[in-house]
Amino acid sequence: MESVNYHNAAAMLAWQIELGADECIGDVPVNRYDVPPPAPKPAIARIVQTAEPEMPSEIDPVAAARAAAASASDLDGLRAALGAFEHCELKRGARNLVFADGVPGARVMIVGEAPGRDEDREGRPFVGPAGQLLDKMLAAIDLSRETSVYITNVLPWRPPQNRDPKPEEVAMMQPFLDRHIALANPDVLVIMGNHSCQALLGKRGITRLRGDWVEAQGKPALPMFHPAYLLRTPLAKREAWADLLSLKARLRDG
Ligand code: URA
């Protein structure tokens, strides 16, 4: 084997000399066809997660409503702020914003619950059957939306299928209602129905609450049966009549 290697090596050397090689540059042969070993991968810097990645902060719809309502300096501004408010789902199902009707600045401000189908279509509160009864009730004590009463609702958009307002919807619209009352600045509030009592007095139970003057938003306030309830329960009109007389007396004496 040794001699074979010697003869092979001598033959390769002779062949290289023949090719023109005249200098020895290394002690060990270099195989230029060898595939070089892969370069070591650069060390991957360990990613140390110190905090949650920053997410865009979620909008608090009640805070947004508070800011929008506070930005309104008059009733037109408040209507515009409500019209531009995009955080209440009810708006998407409604045809119109139902803001108010009647005389802005009137001594009496009526707060109903939410628009129904007719109100949604017309964009005015209390224009359906309950509204027609309300107009008759007001006329009985010489009041009207044309001359002496301002009317709004807790919710400015119709809930689908006239379902009850959800607490979170009422909470979201509350800053607008509070601002609405402050800007309209009536002498007295008439709070119609349970949902309105919940929003303005923080309690319900209209059968117990009705007829007793209380304070809401710093104003004298009279809870009354809702006209829609009176349509279903005509016997309750007797109490409603007593409450109307109480309202009339308050306006006369106050
Ligand atoms: N019921 C309400 O409470 N408000 C309206 O506008 C109509 C019906």
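Read the numbers this way: they start at 1 and go in the same order the structure lists the ligands and their atoms. Fair warning: this is a prediction, and the values are worked out from it, not measured in the lab.
With respect to Lys248 and Asp142, a salt bridge is recorded, a charged nitrogen being found less than 4.0 Å from a carboxylate O. Taking 4.0 Å as the cut-off between side-chain N and carboxylate O, Asp120 and Arg117 do not count as a salt-bridged pair.
Annotation: ring-ring contact (aromatic ring centres under 6.0 Å, His included) contacts of His180 (sequence neighbours excluded): Phe99, Tyr150. When the side-chain hydrogen bond (donor to acceptor under 3.5 Å, both in side chains) test is applied to Thr147, the partners found at least two apart in sequence or on another chain are Ser144.
Listed by first then second residue, pairs satisfying ring-ring contact (aromatic ring centres under 6.0 Å, His included) with a partner in residues 227-254 read Phe225-Tyr229, not counting sequence neighbours.
Within 4.0 Å of ligand 1, protein heavy atoms belong to Gly112, Glu113, Ala114, Glu119, Pro125, Phe126, Asn153, His226, listed by chain and number.
Annotation: side chain of His195 is in contact with side chain of Asp164 (closest heavy-atom distance under 4.5 Å).
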